[in-house]
**Student:** 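I'd like to ask some things about the structure below.
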2 protein chains.
Amino acid sequence: MTGSVTIVGIGPGDDNLITPEVQAAIDQATDVVGYIPYVERITAREGLTKHASDNRVEIDRSRHALEMASEGKKVVVVSSGDPGVFAMAAAVLEAVEHGEPDWRNLDIQVLPGITAMLAASAACGAPLGHDFCAINLSDNMKPWELIEKRLRLAAEADFAMAFYNPRSKSRPEGFGKAVKTLQEACSDNRPMIFARNVSRPDQTIRIVPLPDVTEDMADMRTVVLLGSSTTRIIERDGAPLIYTPRSVAG
Amino acid sequence: MTGSVTIVGIGPGDDNLITPEVQAAIDQATDVVGYIPYVERITAREGLTKHASDNRVEIDRSRHALEMASEGKKVVVVSSGDPGVFAMAAAVLEAVEHGEPDWRNLDIQVLPGITAMLAASAACGAPLGHDFCAINLSDNMKPWELIEKRLRLAAEADFAMAFYNPRSKSRPEGFGKAVKTLQEACSDNRPMIFARNVSRPDQTIRIVPLPDVTEDMADMRTVVLLGSSTTRIIERDGAPLIYTPRSVAG
């Protein structure tokens with residue numbers, strides 16, 4: 001039996017956003033590895049062993065997955081959203097690069113999923129419908145100065161933006177600092193979108209003009225989007241539609 | 001009967017990348033609207049009328065979809081990839097904003113899909129595993145100067161990058177100009193990735209150091225990715241793995 005590591009994205013929460021490709025990989029796995037709430041989403045069955053671990057142990061979890069694959073197991077590593085966007089694919093590959101030489105020649109595959117920013121964008125229209133960037137606001141893994149530099153340059157480029165990990169209990173001040181930087185860099189009232197528990201039954205979408213945003217509007221269950229200078233809001237009965245036009249005047 | 005317009009993403013090519021949510025919307029549609037090759041991917045059945053149209057008529061197609069919904073049809077607008085990333089969602093919403101007042105209160109939904117850059121990223125590892133941006137290189141809808149400005153700022157921000165619509169027959173010179181700008185702005189040999197026909201049986205992935213890139217390496221069936229200054233290549237038997245680490249040293 002030849003082992004494998006397949007790193008899959010199970011989307012932001014709704015099982016109807018799991019691709020058939022990912023579901024097939026889960027159905028064929030002997031072992032599933034991941035952060036506790038994501039492993040909980042995988043249906044138990046005979047022949048499948050679940051290995052749930054806490055947050056912030058991504059490299060240990062990756063090494064465990066690679067060790068089991070070396071022993072012949074068919075291991076699936078589950079990520080929320082897409083595994084390649086601020087998730088487990090980069091962690092597993094980091095463990096491969098710095099780990100046992102044999103791990104390089106394991107059967108390693110990454111299967112894409114619906115990432116939170118695109119589910120959030122779809123939930124309110126198409127705010128990322130033109131050039132955009134995605135920034136992880138956590139400064140666990142990079143200096144705050146780099147985040148601030150990227151925010152200023154992204155504003156100067158007039159990108160729409162998506163922000164992952166905006167605010168946690170351990171660093172509650174980060175999102176407020178990011179908002180202040182963006183308010184300074186963008187002198188208009190473009191909309192910021194707070195999509196919480198996106199695709200879940202308790203999903204909420206809140207649209208706030210950037211000058212009115214306060215740091216308490218986001219938490220770790222929120223993905224935050226920011227329009228560009230051209231983003232439009234279509235008012236109507238019920239929730240508005242919001243989109244960034246495909247064209248920019250010359 | 002109440003009409004609706006549902007704008008769905010059918011992924012980059014492999015039907016195993018279509019979410020169950022999107023498949024259900026297609027199964028319930030009375031009418032499917034879209035660009036010819038995407039409408040061809042939808043299985044014919046009794047009760048479903050297909051309306052295929054050529055490229056570059058996105059607003060006409062959107063108006064047609066909205067008119068049919070006004071008449072009570074359940075219309076699905078199909079996009080390749082994700083409908084919110086350089087695709088039909090922004091076109092339909094533009095048609096709503098500037099069209100009949102009644103259209104605003106139609107049942108309009110956007111359902112996310114697997115966008116080409118994330119399928120391409122997964123196919124070679126996780127090159128978009130850290131902060132990144134997505135830029136449409138077509139200058140049909142925006143001035144070239146804006147594209148060039150965004151490329152320079154994205155390089156300064158040290159984003160990984162994804163490029164859609166890199167090169168067409170009608171503007172063969174655009175990709176070469178973009179590459180020249182990037183070669184000037186990035187003074188290292190970070191990898192550029194050419195993912196052609198991603199997720200299809202004839203998919204090809206080519207990894208080229210940026211200084212060696214030439215304009216003929218991309219066409220309209222290619223999505224192009226560029227690593228950041230920290231992107232790593234893991235050599236091994238067979239195709240290398242490529243990833244952008246989650247952390248940046250302080």
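The structure presented is a predicted model; accordingly, all values stated were derived computationally and were not measured. Throughout, a chain's letter reflects where its sequence line sits, starting with A, and its residues are numbered from 1.
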**Student:** If contact means a heavy atom pair closer than 4.5 Å, which residues of residues 116-126 of chain B contact chain A?
**Tutor:** B:Met117, B:Leu118, B:Ala119, B:Ala122, B:Gly125, B:Ala126
**Student:** If you tally heavy-atom pairs under 4.5 Å against chain A, which of B:Leu93, B:Ile18, B:Thr19 wins?
**Tutor:** B:Leu93
**Student:** Sort out for me which of B:Gly129, B:Ala89, B:Ala87, B:Pro83 touches chain A most, counting heavy-atom pairs under 4.5 Å.
**Tutor:** B:Gly129
**Student:** Among A:Gly113, A:Pro101, A:Ala90, which has the most heavy-atom pairs under 4.5 Å with chain B?
**Tutor:** A:Ala90
**Student:** Passes side-chain contact (heavy atoms from CB on, under 4.5 Å), B:Met192 versus B:Leu225? Steps please.
**Tutor:** CA-CA 6 Å; B:Met192 187 167 261; B:Leu225 309 180; over 6 Å; no
**Student:** I'd like to know which of B:Leu17, B:Leu128, B:Ile7 tops the heavy-atom pair count under 4.5 Å against chain A.
**Tutor:** B:Leu17
**Student:** Go through it in stages, so that I can follow the logic: the residues are B:Thr6 and B:Leu111, the test is side-chain contact (heavy atoms from CB on, under 4.5 Å), and I'd like the CA-CA distance, side-chain angles, deciding distance and then a yes or no.
**Tutor:** CA-CA 7 Å; B:Thr6 309; B:Leu111 305 184; 3.6 Å; yes
**Student:** For A:Leu146, is it the side chain, the backbone, both or neither that has a heavy atom under 4.5 Å from a heavy atom of chain B?
**Tutor:** side chain
**Student:** Quick check on the interface: out of B:Val110, B:Asn16, B:Asp131, who has the most heavy-atom pairs with chain A under 4.5 Å?
**Tutor:** B:Asp131
**Student:** Hey, is the main chain of B:Asp237 close enough, under 3.5 Å, to the side chain of A:Asn105 for a donor-acceptor pair?
**Tutor:**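 A pair under 3.5 Å: yes.
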**Student:** Heavy-atom distances under 4.5 Å only: say whether B:Ile242 touches chain A with side chain, backbone, both or neither.
**Tutor:**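 Just the backbone, heavy atoms under 4.5 Å.
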**Student:** Please confirm whether the backbone N or O of A:Arg104 pairs with a side-chain atom of B:Arg236, one donor and one acceptor, at under 3.5 Å?
**Tutor:** yes
**Student:** If I measure from the heavy atoms of chain B, does A:Asp82 come under 4.5 Å with its side chain, its backbone, both, or neither?
**Tutor:**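 Only the side chain of A:Asp82 comes within 4.5 Å of chain B.
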**Student:** Could you tell me if B:Thr244 and B:Ser228 have a donor-acceptor pair between their side chains, going purely by distance under 3.5 Å?
**Tutor:** no
**Student:** Against chain B, label A:Leu106 side chain, backbone, both or neither, depending on which of its atoms sit under 4.5 Å from a heavy atom there.
**Tutor:** backbone
**Student:** Apply side-chain contact (heavy atoms from CB on, under 4.5 Å) to the pair A:Asp107 and A:Val5, showing each step before the final yes or no.
**Tutor:** CA-CA 6 Å; A:Asp107 176 6; A:Val5 174; over 6 Å; no
**Student:** Tell me, with the steps shown, if A:Glu58 and A:Tyr35 meet side chain to side chain donor-acceptor pair (under 3.5 Å).
**Tutor:** CA-CA 8 Å; A:Glu58 289 82 1; A:Tyr35 179 41; over 6 Å; no
**Student:** Please determine whether a side-chain nitrogen of the Lys or Arg among B:Asp15 and B:Arg41 lies less than 4.0 Å from a carboxylate oxygen of the Asp or Glu.
**Tutor:**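 Here B:Asp15 pairs with B:Arg41 in a salt bridge, since their nearest N and O are under 4.0 Å apart.
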**Student:** Please report the shortest heavy-atom distance between A:Thr231 and A:Pro191, naming the atom on each side.
**Tutor:**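 For A:Thr231 and A:Pro191, the tightest heavy-atom pair comes out as CG2-CG, 3.9 Å.
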**Student:** Using a strict cut-off of less than 4.0 Å between a Lys/Arg side-chain nitrogen and an Asp/Glu carboxylate oxygen, indicate whether A:Glu94 and B:Arg246 qualify as a salt bridge.
**Tutor:** yes
**Student:** Is it true that A:Arg152 and A:Glu184 have a side-chain N and a carboxylate O under 4.0 angstrom from each other?
**Tutor:** yes
**Student:** Is there a side-chain contact (heavy atoms from CB on, under 4.5 Å) between B:Arg190 and B:Leu226 once you walk through the steps?
**Tutor:** CA-CA 7 Å; B:Arg190 69 187 65 191; B:Leu226 180 66; 3.7 Å; yes
**Student:** With salt bridge (charged side-chain N to carboxylate O under 4.0 Å, His left out) as the test, would you mind laying out the steps for B:Lys177 and B:Glu148 before giving the verdict?
**Tutor:** CA-CA 9 Å; B:Lys177 288 197 289 181; B:Glu148 192 164 298; over 6 Å; no
**Student:** With under 30° as parallel and over 60° as perpendicular, where do the rings of A:Phe132 and B:Phe86 fit, or are they tilted in between?
**Tutor:** tilted
**Student:** Using a 4.5 angstrom heavy-atom cutoff, name the option from B:Gln23, B:Glu235, B:Lys149, B:Lys142 with the most pairs to chain A.
**Tutor:**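 Result: the option with the highest number of such pairs is B:Lys142.
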**Student:** What option among B:Ala91, B:Gly11, B:Ala24, B:Gly9 has the most heavy-atom pairs under 4.5 Å with chain A?
**Tutor:**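 Looking at each option in turn, the highest pair count goes to B:Ala91.
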**Student:** Heavy atom to heavy atom, less than 4.5 Å: which residues from residues 157-165 of chain B reach chain A?
**Tutor:** B:Ala157, B:Asp158, B:Phe159
**Student:** Between the side chains of A:Arg61 and A:Ser53, does any donor sit under 3.5 Å from an acceptor?
**Tutor:**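 There is such a pair (donor and acceptor under 3.5 Å, judged by atom type) between the side chains of A:Arg61 and A:Ser53.
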